[in-house]
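To start, the structure itself, in structure tokens.
The residues of the chain are indexed from 1 along the displayed sequence.
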Amino acid sequence: MHQLLIVDDQPDLVDDLAEMIPWEQLDIVKVHKAYSAREALEIITVHPISVMITDIRMPGDSGLDLIEQVRASWEKIRCILLTGYDDFDYAKRALQNQVTDYLLKPCEDEEVLGAVTKALKSIEDEWKSIASYQNAMQSIKLNQPALRNHLLMELLEGRRVSFEELDERLELLELPLRQEVPYSLMLIRLEDYFDRYRGNDVPLMEYAIFNMAEELFADTFHIWQIKDKHGYLIFLIQPKPGTGSSELDWKDKAENKASRLQHSVKQFLKGTISVLLSRWGPFPQQVKKLYDESVIQFRQHIGSDRELLLTLAEQPEPEARSVNSLTHLYDPPMLVHLIEAGQWEALDEKMDAIFNELEQKWSHSHEHILETYFMIVSAFSYSIHKSKRWIQELLGEEYKKLVNGPQFHTIQQLRDWSMSILQVYKQSVDAETKDSRSSLVRQVQDYVYHHLSEASLQSIAAHVFLNPSYLSKVYKLETGEGISDYLFRLKMEQATYKLRNTSEKVYEIAEGLGYMKTSYFIKLFKDKFGLTPQEYRDKLA
């Protein structure tokens, strides 16, 4: 479905083209009319125009000026020139601005229909090309490293991906890993010598190590790598078919290759690395668990020592009451991000998940209540301060509870208090948004009051430093009236006042209200009131 814009300073011609041609045959659902370049730009700003038909010579900016402005910001719009001037210079400038067609007046309806049909076909051909399978696959191929990194990071962070979806994404990204086949994670930390590198040199060294690892492991293992948020180089390795039949075989081979990697890095890159190999598990089960466990073991068993190689053995099942952290408290999306972005529904779901886990698994643990309390307060404080507010001013008496520290004896008490302070913050944000929008409406109306003759959506948006499309939607949400309708209403009210109370000529009134053509002003006035301006004045007399 498409929308068409017709621009000409002759209202009768615009109306004829808009109303007499069966545009619905071309799947055009709406035809917009503009009588100047300025009006055309206002329409384009808030409506998804597919094709624009414009005259060349108009008061103010010409049709060619208009096309140049459209090309600068809306390059997908197809432009057709409709003019009475058969001039090579016009045609040359039109071609420079990629005009789809150049029609001379008078032209038959069939010519106009043909030109618009041609323009719409070029749009459809372009989008078909963009959306084609071949182009999509080419784009995926081009961005394959980034897409592979993104998928592995999802698994490391514990994002849930169904078996079917994972198989599809692995195949699409040409990753030959197989589900239910054992895998291990290898973590590498760059150490001596590498800390001398700065800026762009660091990624080059990491890239060299990635390549070395791939070269050493490729004969036995499929390898998938990424750099994590801690600075470790992470490798997910999985045995290739026919390279061993037991976990012991794969473990020995992985250790041997990791040792050779350490030696190669020291020999050729003149630096040292420490390596940790996780225990084995069927892919993709427990990727996050193995990763978290490996990071902790790296810190505990390798620590600040250098050039170590550690392989984790299978650990016994933990006792039922062993200590662990809260999963939902740290799983993405993080609390701080939801609060900061004002995602209130998602925040409610997150809080429910956190407290349900707390009640089901750690109801006996005051330490886990403390952990939850500090995490919520940290996220809450960060978001409030980032929004340039003071917690004390926002919470009032509740601030004392926060200052005095957690005095909660039950999970329900913490839950009630947490939800109450988040509700206070939400109400504060909503009130600020409403105040901000009310202020915006006042700014718009004040500007229009003092600049009625030259006011337009573009000039108003520039005055309040906002995007025209956003401004138009917000203003209508707040007032129930679009800015263009508001401007038109004020101009017509001003026109009737001057017709009643002054002796100004009709053309003077039109000019004072910003209408470049008196005939256009007369037409708008008659459409509004059923009388021409002169008939309106004569009737009052």
Side-chain angles (χ1 to χ4, degrees), residues 136 140 143-187 222-230 232-238 278-297 312 314-315 317-318 320 322-363 368 371-372 375-376 379 411 415 418:
I140 288 172
N143 296 287
Q144 194 177 77
L147 293 170
R148 285 180 171 183
N149 287 351
H150 181 71
L151 178 55
L152 181 51
M153 187 56 69
E154 283 188 37
L155 296 176
L156 293 175
E157 291 179 347
R159 301 282 174 89
R160 292 179 177 83
V161 182
S162 69
F163 280 10
E164 294 77 10
E165 181 188 349
L166 182 58
D167 273 340
E168 289 176 4
R169 293 174 70 176
L170 291 172
E171 182 179 358
L172 189 64
L173 298 176
E174 298 178 354
L175 287 164
L177 281 82
R178 295 157 293 153
Q179 298 198 46
E180 301 302 328
V181 173
Y183 75 100
S184 175
L185 295 178
M186 180 170 69
L187 278 63
H222 296 303
I223 188 166
W224 187 8
Q225 65 265 358
I226 193 174
K227 181 179 179 180
D228 76 353
K229 60 186 177 183
H230 305 295
Y232 294 120
L233 306 186
I234 310 294
F235 298 81
L236 191 153
I237 59 174
Q238 186 182 74
S278 78
R279 56 190 176 86
W280 292 77
F283 180 74
Q285 296 176 29
Q286 298 186 330
V287 173
K288 183 181 187 306
K289 184 176 180 180
L290 282 185
Y291 169 64
D292 290 342
E293 176 186 294
S294 299
V295 170
I296 293 170
Q297 295 297 322
L312 298 182
E314 188 66 35
Q315 297 177 337
E317 285 296 317
S322 64
V323 180
N324 209 333
S325 63
L326 287 152
T327 304
H328 288 293
L329 197 56
Y330 302 99
D331 279 351
M334 301 296 288
L335 274 175
V336 65
H337 297 150
L338 294 174
I339 298 173
E340 187 180 354
Q343 300 289 325
W344 308 120
E345 289 186 11
L347 179 61
D348 287 343
E349 292 175 4
K350 177 82 172 179
M351 294 291 283
D352 284 342
I354 290 169
F355 281 105
N356 288 341
E357 181 184 7
L358 193 59
E359 289 170 346
Q360 292 168 12
K361 295 183 178 180
W362 306 106
S363 58
H368 283 81
E371 182 183 0
T372 305
M375 191 70 174
I376 291 171
I411 294 172
R415 185 174 199 157
S418 301

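Taking both residues in full, the closest heavy atoms of Leu335 and Ala379 are given as CB-CB, 4.0 Å, listed atom of the first, atom of the second, then distance. Of all the heavy atoms in Ile237 and Trp280, the pair that sits closest is O-CZ3, 4.2 Å.
Considering only heavy atoms from C-beta on, Ile234 stays 4.5 Å or farther from Lys227 through its side chain. Looking only at side-chain heavy atoms (C-beta outward), Leu156 and Ile226 come within less than 4.5 Å of each other. Residues Leu358 and His368 meet the side-chain proximity criterion, which asks for heavy atoms closer than 4.5 Å. A 4.5 Å side-chain heavy-atom check between Leu147 and Leu172 finds every atom pair outside the cut-off. Residues Ile376 and Met351 are in side-chain contact: their nearest non-hydrogen atoms beyond the backbone lie under 4.5 Å apart. Here the side chains of Lys288 and Glu157 are not in contact, with every heavy-atom distance at 4.5 Å or above. A heavy-atom distance below 4.5 Å is not found between the side chains of Tyr291 and Leu155. When side chains are defined from C-beta on, Leu290 does not count as touching Leu312, because their heavy atoms never get closer than 4.5 Å.
Rounding to the nearest 0.5 Å gives a distance of 10.5 Å between CG of Asn149 and CD of Gln144. Note that the OG atom of Ser294 and the CZ atom of Arg279 stand 8.5 Å from one another [nearest 0.5 Å]. With rounding to the nearest 0.5 Å, the separation of CD1 in Ile223 from CG in Leu236 is 9.0 Å. Taking OG of Ser162 as the start and CD of Glu168 as the end, the distance is 7.5 Å to the nearest 0.5 Å. The structure places CD of Glu349 at 12.0 Å from CD1 of Ile354, a figure rounded to the nearest 0.5 Å. Between the CG atom of Leu170 and the CZ atom of Arg148 there is a distance of 10.0 Å, given to the nearest 0.5 Å.
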Side chain to side chain contact (heavy atoms under 4.5 Å, CB included) between Gln297 and Val295, worked out: CA-CA 6 Å; Gln297 295 297 322; Val295 170; over 6 Å; no
Take Gln360 and Asn356, measure what side chain to side chain contact (heavy atoms under 4.5 Å, CB included) needs, and give me the verdict at the end. CA-CA 6 Å; Gln360 292 168 12; Asn356 288 341; 4.1 Å; yes
Starting from the C-alpha separation in whole Å, work towards a yes-or-no answer on side chain to side chain contact (heavy atoms under 4.5 Å, CB included) for His337 and Met334. CA-CA 5 Å; His337 297 150; Met334 301 296 288; 3.7 Å; yes
After noting the C-alpha distance and the side-chain angles of Gln238 and Trp224, does the key distance pass the side chain to side chain contact (heavy atoms under 4.5 Å, CB included) rule? CA-CA 9 Å; Gln238 186 182 74; Trp224 187 8; over 6 Å; no
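Within a 6.0 Å radius of CD in Glu180, more than 12 heavy atoms belonging to other residues, nucleotides or ligands are found.
Each ring-ring contact (aromatic ring centres under 6.0 Å, His included) pair with one or both residues in residues 159-183, not counting sequence neighbours, appears once here: Tyr183-Phe283.
Applying the salt bridge (Lys or Arg N to Asp or Glu O under 4.0 Å) rule to Lys350 yields no partners; only residues at least two apart in sequence or on another chain are considered. Partners of Lys361 according to the side chain to side chain donor-acceptor pair (under 3.5 Å) rule, which considers only residues two or more places apart in sequence or in another chain, do not exist here. Residues forming a salt bridge (Lys or Arg N to Asp or Glu O under 4.0 Å) with Asp348 (at least two apart in sequence, or on another chain): none. Residues meeting the salt bridge (Lys or Arg N to Asp or Glu O under 4.0 Å) test with Glu359, sequence neighbours left out: Arg415. Scanning for salt bridge (Lys or Arg N to Asp or Glu O under 4.0 Å) contacts around Glu165 gives Arg169, with sequence neighbours left out.
A distance-only check finds no donor-acceptor pair linking the side chain of Gln343 to the backbone of Leu338 [under 3.5 Å]. The backbone N or O of Leu326 lies less than 3.5 Å from no partner atom in the side chain of Glu357, so there is not a single donor-acceptor pair.
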